[in-house]
Undergrad: 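Handing you a structure now.
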2 protein chains.
Amino acid sequence: MTKIVEPEAGPRSKRAAILAAAVDCFGEAGFEATKWSTVAERVGIGQTALYHYFESKTHCLLTIMRLELQRSHDRFAEATKDTADPVEALRAAVRAAYDVSPHEVLQMRILQNHMDLLSGSRRSAREEAERVAARQLVQVVERDWTNLLVRGMAQGAFPLRDAQLLGASVLGLIVSVWRWYRPSGPTPLAEISELIEGACVRMVAS
Amino acid sequence: MTKIVEPEAGPRSKRAAILAAAVDCFGEAGFEATKWSTVAERVGIGQTALYHYFESKTHCLLTIMRLELQRSHDRFAEATKDTADPVEALRAAVRAAYDVSPHEVLQMRILQNHMDLLSGSRRSAREEAERVAARQLVQVVERDWTNLLVRGMAQGAFPLRDAQLLGASVLGLIVSVWRWYRPSGPTPLAEISELIEGACVRMVAS
DNA sequence: AACCTGAATTGAACTTAACTCAGGTTGATC
DNA sequence: GATCAACCTGAGTTAAGTTCAATTCAGGTT
């Protein structure tokens, strides 16, 4: 469980700007479709300057994914921390999952679209470090949901079922939205949130 | 609704062999991670021969995705065609979705991991044709599930809800499995199928 | 003010893998 | 056995990510 130390920002560091620009580009156009040099342009630096902050285009992507996973976990914890009733905790967790900014929507989309990157190992050390950290966070998030179900089953609020599998399914259902949802689309996020919240409760508690 | 005419196989065509090899490679190692030349090697031809059958590596990927979507739709239709009861039809459809060979598992994984390709348009004509065909098939499959729900709601078997959204959710839940499932993993597909079948019914019919 | 240090940046060169092209081989059909 | 289309290849091109040696810049030291 090696945690990655976030490189502290020097006063003229462009790391944050690069990450923001990359999220926009990767999120809108897709990782493969966006040229690394375009990100540099948008930040206002030459393409080679990117390598001062990230070892590679993929290293940047993995960083975005890790940060998003960390955020998801934190929000889950925050949303459920003082709710004893399992059903209410579940509802709160789902609502928290969809209580996101447009920028965070892009981050979720990027994360979902590149989960497969976390399987195979990477050549370079820094990339591999990010990958492993992200993979661990995936497991942490899965455990978040599974534990919630286990707790509910133990209290008799949820019927007994394979909590691991059901947890993965609930999570899968929730994040599947990020593959098709567009802020500009016809369905408002609030409506989606409500429907999924109900669906999750029925799935788990019926 | 332009349907793509499958190039009929000349007696010494290696198209099918290429597709099979590509599914193995793309499915196991990932599309980006596998070199196009590796696929050629595995088939036993030079890399340039690939371009006799596919305009590009991406064209091959899009073809795989379209074929898989066509298969999914066909299986759905076959599984539900003579089941009047909506709940039973839903159960049959879910079971059909998981009644797949290991090779088809790879195809589903490839499809799910590259859905984002279907958003943006492609440069070349043949690629774009495959993309559009695939995109249409996605909508067809979504309609398959939505119609099933609409039918069930009309008959009073399912409570009234946004069928479009709920259909997308059910589908999202079902296919989310292909991101993590491995035939070599600890959970047998039959067990997954059963749990998801139940989850879908509760989600829709409770 | 002159100097030093390390972070930040750059242009030019390199690498890799997808792709193009100009032509060669094979085999079914007449 | 001539023909034609399908099929295949080696050599060369291109595009995008990446490396590297050299340079600029900002802030602190003497």
Side-chain angles (χ1 to χ4, degrees), chain A residues 5-22 25-26 29-64 110 114 117 120 122-131, chain B residues 5-22 25-26 28-64 110 114 117 120 122-128 130-131:
Chain A
V5 290
E6 221 63 50
E8 70 264 44
R12 60 194 171 117
S13 167
K14 301 232 169 73
R15 204 182 111 102
I18 292 170
L19 281 170
C25 292
F26 297 170
F31 175 71
E32 298 302 334
T34 75
K35 291 188 240 180
W36 200 204
S37 60
T38 303
V39 176
E41 259 177 50
R42 191 171 297 204
V43 175
I45 56 178
Q47 26 180 340
T48 46
L50 293 171
Y51 292 90
H52 182 69
Y53 301 96
F54 298 100
E55 208 171 10
S56 65
K57 192 185 170 192
T58 304
H59 179 220
C60 177
L61 173 61
L62 285 166
T63 303
I64 291 171
I110 293 169
H114 297 94
L117 256 188
R122 306 256 97 212
R123 286 278 179 66
S124 84
R126 290 172 70 196
E127 270 183 27
E128 178 65 4
E130 286 287 4
R131 186 191 72 88
Chain B
V5 289
E6 219 64 49
E8 69 260 54
R12 60 191 169 122
S13 168
K14 301 230 169 74
R15 204 182 111 102
I18 292 170
L19 281 170
C25 292
F26 297 170
E28 306 283 1
F31 174 71
E32 297 303 332
T34 75
K35 290 187 240 182
W36 200 205
S37 60
T38 304
V39 175
E41 259 177 49
R42 191 171 298 202
V43 176
I45 58 179
Q47 24 180 338
T48 46
L50 292 172
Y51 292 91
H52 183 69
Y53 301 97
F54 298 101
E55 207 172 9
S56 66
K57 191 184 168 190
T58 304
H59 179 220
C60 177
L61 173 62
L62 285 166
T63 303
I64 291 171
I110 293 168
H114 297 94
L117 256 188
R122 305 257 100 211
R123 286 278 179 67
S124 84
R126 292 172 69 197
E127 269 184 27
E128 179 65 3
E130 286 287 3
R131 185 190 74 87

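Note: hydrogens, waters and symmetry copies are ignored here, and every other heavy atom, side chains too, is used. Order of the sequence lines fixes the chain letters, A, B, ..., with proteins taken first and strands second; residue numbering starts at 1 for each chain.
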Undergrad: So, using ring pair (Phe, Tyr, Trp, His ring centres under 6.0 Å) as the criterion, who are the partners of Phe54(A) when residues are at least two apart?
TA: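 If we apply the ring pair (Phe, Tyr, Trp, His ring centres under 6.0 Å) test to Phe54(A), skipping adjacent residues, the hits are His59(A).
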Undergrad: Report the residues that fulfil side-chain hydrogen bond (donor to acceptor under 3.5 Å, both in side chains) with Ser124(A), sequence neighbours left out, ordered by chain and then residue number.
TA: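 Checked Ser124(A) against side-chain hydrogen bond (donor to acceptor under 3.5 Å, both in side chains); matches are Glu55(A).
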Undergrad: Taking the side chain as every heavy atom from C-beta outward, state whether Ile64(A) and His114(A) have any atom pair closer than 4.5 Å.
TA: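 Side-chain contact under 4.5 Å: no.
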Undergrad: Which donor-acceptor pairs under 3.5 Å do the side chains of residues 34-48 of chain A make with protein atoms, sequence neighbours left out?
TA:
residue, atom, partner, partner atom, Å
Thr34(A), OG1, Phe31(A), O, 3.4
Trp36(A), NE1, Tyr51(A), OH, 3.4
Thr38(A), OG1, Lys35(A), O, 3.4

Undergrad: What heavy-atom pair brings Tyr53(B) and Arg126(B) nearest, and what distance separates the two atoms?
TA: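 Closest pair (atom of Tyr53(B), atom of Arg126(B), distance): O-NH2, 3.3 Å.
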Undergrad: Rounded to the Å, how far apart are Phe54(A) CZ and dA8(C) P?
TA: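 Those two atoms, CZ and P, are 12 Å apart.
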Undergrad: For Ala33(A) and Ala29(A), work out which heavy atoms get closest and say how close.
TA: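 So the minimum-distance heavy-atom pair works out to CB-O, 3.2 Å.
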Undergrad: Bend angle of the helix from dA1(C)-dT30(D) to dC30(C)-dG1(D) from five-pair axes at both ends, rounded to 10°?
TA: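 End-to-end axis angle: 0°.
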Undergrad: Taking side chain to side chain contact (heavy atoms under 4.5 Å, CB included) as the test, write out the residues that go with Glu128(B), two or more places apart.
TA: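 Side chain to side chain contact (heavy atoms under 4.5 Å, CB included) list for Glu128(B), sorted by chain: Ser121(B), Arg122(B), Arg131(B), Val132(B).
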Undergrad: Base, backbone or nothing for each nucleotide of nucleotides 6-17 of chain D, written B, S, -, heavy atoms under 4.0 angstrom, 5' to 3'?
TA: BBSBBB----SS
Undergrad: Under the side-chain hydrogen bond (donor to acceptor under 3.5 Å, both in side chains) rule, collect the residues that match up with Thr58(B), sequence neighbours excluded.
TA: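 With sequence neighbours excluded, Thr58(B) shows a side-chain hydrogen bond (donor to acceptor under 3.5 Å, both in side chains) to no residue whatsoever.
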